[in-house]
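First the structure, in the form of structure tokens, and then the observations on it.
The first residue of the sequence shown is numbered 1, and numbering continues consecutively from there.
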Amino acid sequence: MKAPARPRTARPDGDRAGPALPLDRILAGDCLQVLPTLPEKSVDLVFADPPYFLQLAQDLWRPNMTRVQGVEDAWDRFDGFADYDTFTHAWLSACRRILKDDGAVWVIGTYHNIFRVGRILQDLGYWILNDVVWVKTNPMPNFRGVRFTNAHETLIWAARAKRSRYTFNYRAMKSINEGLQMRSDWRLPICNGRERLKENGVKAHATQKPEALLTRILLATTRPGDVVLDPFFGTGTTGVAAKRLGRHWIGIERQQSYVRLAHRRIAAVRAEDAPHADNPEARPPAPRVPFQQLVEAGVVRPGQRLYFRGNRKQPARVRADGRVARGRDVGSIHQLARALAGAPCNGWDHWYFADASGDLHRIDELRQSFRKS
């Protein structure tokens, strides 16, 4: 295995006398022991995916009598609500100490714990800005059929204090949402497929979060060069998203098997010019151009072929109403792209057209040309 790059360190706010901040590094250990060693007011954002305290009393079985692999790890066990509350109060207090005055925190949870977390956040002086509902497009069903399918998790976004001048990249969020304000219900699939880490055919981490979720959080509430800390780093999703977007990261993780996987994941990431990673707030949003507008203007013709991700097999055809059809599937460029990709995606980046010489180009080139005309 290739040795990881030498981690960087920095002094918070130019303080040459204080301890160095270990940038882009995984700190092995319990967060309650590691957090007090970090400099005060040195971090811009905390993302936390703490134990949910699921309180599972019995095994879960599918209809075909295969056992559901749930959260069975020791890190999710507590003696009771009082024990869990003490733990939550301790780590949230430690995070507030290291957050800059204008810093913020994101905490994700389920009905098992998120309401207790919210109360403790307020008791400690955090100022809640939003609760965001992550609506899972492919949730695990309720196999026993005794409750509603649990198809969402809740994130709390809170500033360090009521008067904190927290970061919110409003224009960036509007830009990736087709010119509309980003809402507080986010429809994203759970982590599966190639993204889901496995060892010997078994999930490496029971509650691995999708990279799309962390990418949206960091795009929305950090700037390039900001420092993001994750006190429950797990297999490193926060570090992966931060590295791609040009943010610094610090992870704390006590389980060595997770640390090993996180190192490997992050080392494989190449920092790139991700969309909106520069400073989207420094420029005005581009005017919204619906695909139907290109059809009406004759830029795209009804019947014209479009190719998903440049694959010339099974092309789609443009309809006069601005929708596209591929076989029996009909929808907007975004709806059909999502169906084909099996994940949220922007149709402008995934559909291609052929020019007069047969070369393929993204349809976003047509939109950009239309804006300039």
Side-chain angles (χ1 to χ4, degrees), residues 43-55 71 76 81 84-85 87-96 99-100 102-140 142 147-174 176-177 180-191 207-222 226 228-232 234 237-238 241-242 344:
V43 169
D44 297 286
L45 187 79
V46 170
F47 172 81
D49 183 11
Y52 287 4
F53 188 27
L54 295 182
Q55 312 132 47
V71 181
D76 197 55
F81 289 130
Y84 187 80
D85 290 351
F87 166 75
T88 303
H89 191 282
W91 73 259
L92 280 173
S93 295
C95 285
R96 193 167 188 269
L99 273 175
K100 295 178 181 178
D102 293 330
V105 62
W106 285 83
V107 187
I108 187 170
T110 64
Y111 64 89
H112 302 88
N113 71 324
I114 198 64
F115 304 109
R116 311 187 77 83
V117 170
R119 177 186 64 80
I120 294 170
L121 277 166
Q122 292 179 314
D123 288 347
L124 288 171
Y126 288 93
W127 187 256
I128 294 179
L129 302 167
N130 272 116
D131 63 325
V132 172
V133 179
W134 167 29
V135 181
K136 301 175 181 178
T137 58
N138 53 343
M140 180 185 296
N142 186 279
R147 302 184 187 182
F148 298 110
T149 297
N150 186 26
H152 76 277
E153 294 187 27
T154 301
L155 299 103
I156 297 177
W157 175 37
R160 186 183 185 277
K162 184 176 182 179
R163 298 186 181 278
S164 296
R165 299 178 64 183
Y166 56 89
T167 296
F168 178 51
N169 296 319
Y170 170 79
R171 291 174 180 167
M173 290 296 97
K174 192 173 180 180
I176 66 174
N177 197 38
L180 301 176
Q181 286 189 347
M182 181 66 74
R183 294 164 37 131
S184 62
D185 52 338
W186 297 355
R187 297 182 61 83
L188 299 168
I190 62 174
C191 185
T207 61
Q208 181 183 340
K209 295 301 180 290
E211 292 176 20
L213 181 68
L214 270 298
T215 297
R216 185 173 295 187
I217 287 170
L218 298 191
L219 280 175
T221 57
T222 63
D226 279 357
V228 181
L229 180 134
D230 186 336
F232 308 98
T237 305
T238 300

I need the Phe47 CZ to Leu218 CG distance, nearest 0.5 Å. 9.0 Å
I'd like to know whether Leu121 forms a side chain to side chain contact (heavy atoms under 4.5 Å, CB included) with Leu92, so could you lay out the CA-CA distance, the side-chain angles of the two residues, the decisive distance to 0.1 Å, and finally the verdict. CA-CA 7 Å; Leu121 277 166; Leu92 280 173; 3.8 Å; yes
Closest non-hydrogen atom pair, Gly109 against Glu153: O-CB, 3.5 Å
If you look at every heavy atom in Lys100 and Arg160, which pair is closest and at what distance? O-CD, 3.1 Å
Minimum heavy-atom distance Ser164-Ala159, with the two atoms named: CB-CB, 3.9 Å
Heavy atoms, side chains only, cut-off 4.5 Å: are Asp85 and Arg119 in contact? yes
Would you say CZ of Phe232 has more than 12 non-hydrogen atoms from neighbouring residues, nucleotides or ligands within 6.0 angstrom? yes
Stacked cation flag Arg116 on Phe81, 6.0 angstrom / 45 deg: yes
Answer with yes or no whether the side chains of Thr221 and Trp157 bring together a donor and an acceptor at under 3.5 Å. no
Evaluate side chain to side chain contact (heavy atoms under 4.5 Å, CB included) for Trp91 paired with Val107, printing each intermediate quantity in order. CA-CA 12 Å; Trp91 73 259; Val107 187; 3.9 Å; yes
When rounded to the nearest 0.5 angstrom, what is the spacing between CD1 in Ile120 and CZ in Phe87? 10.5 Å
Nearest-0.5 Å distance that lies between atom CG in Leu214 and atom CG in Asp230: 7.5 Å
Full working for side chain to side chain contact (heavy atoms under 4.5 Å, CB included) between Trp106 and Val132: CA-CA 10 Å; Trp106 285 83; Val132 172; 3.9 Å; yes
Distance from Trp134 atom CH2 to Thr110 atom OG1, nearest 0.5 Å? 11.5 Å
Give the minimum heavy-atom separation between Pro50 and Asn113, together with the two atoms involved. CG-ND2, 4.4 Å
Side chain to side chain contact (heavy atoms under 4.5 Å, CB included) partner of Thr222, chosen from Ile217, Asp44, Leu45: Leu45
Side chains of Leu129 and Phe168: does their closest heavy-atom pair fall under 4.5 Å? no
Contact summary for Val46 and Cys95, nearest pair of heavy atoms: CG1-SG, 4.0 Å
When you look at CH2 of Trp186, are more than 12 heavy atoms from neighbouring residues, nucleotides or ligands closer to it than 6.0 Å? yes
Please report the shortest heavy-atom distance between Arg165 and Asp102, naming the atom on each side. N-OD1, 2.8 Å
Value for OG1 (Thr88) from CG (Asp123), rounded to nearest 0.5 Å, stands at 11.5 Å
Step-by-step side chain to side chain contact (heavy atoms under 4.5 Å, CB included) determination, Tyr170 to Met182: CA-CA 8 Å; Tyr170 170 79; Met182 181 66 74; over 6 Å; no
The reported gap from OG in Ser184 to CG in Leu155 (rounded to nearest 0.5 angstrom) is 10.5 Å
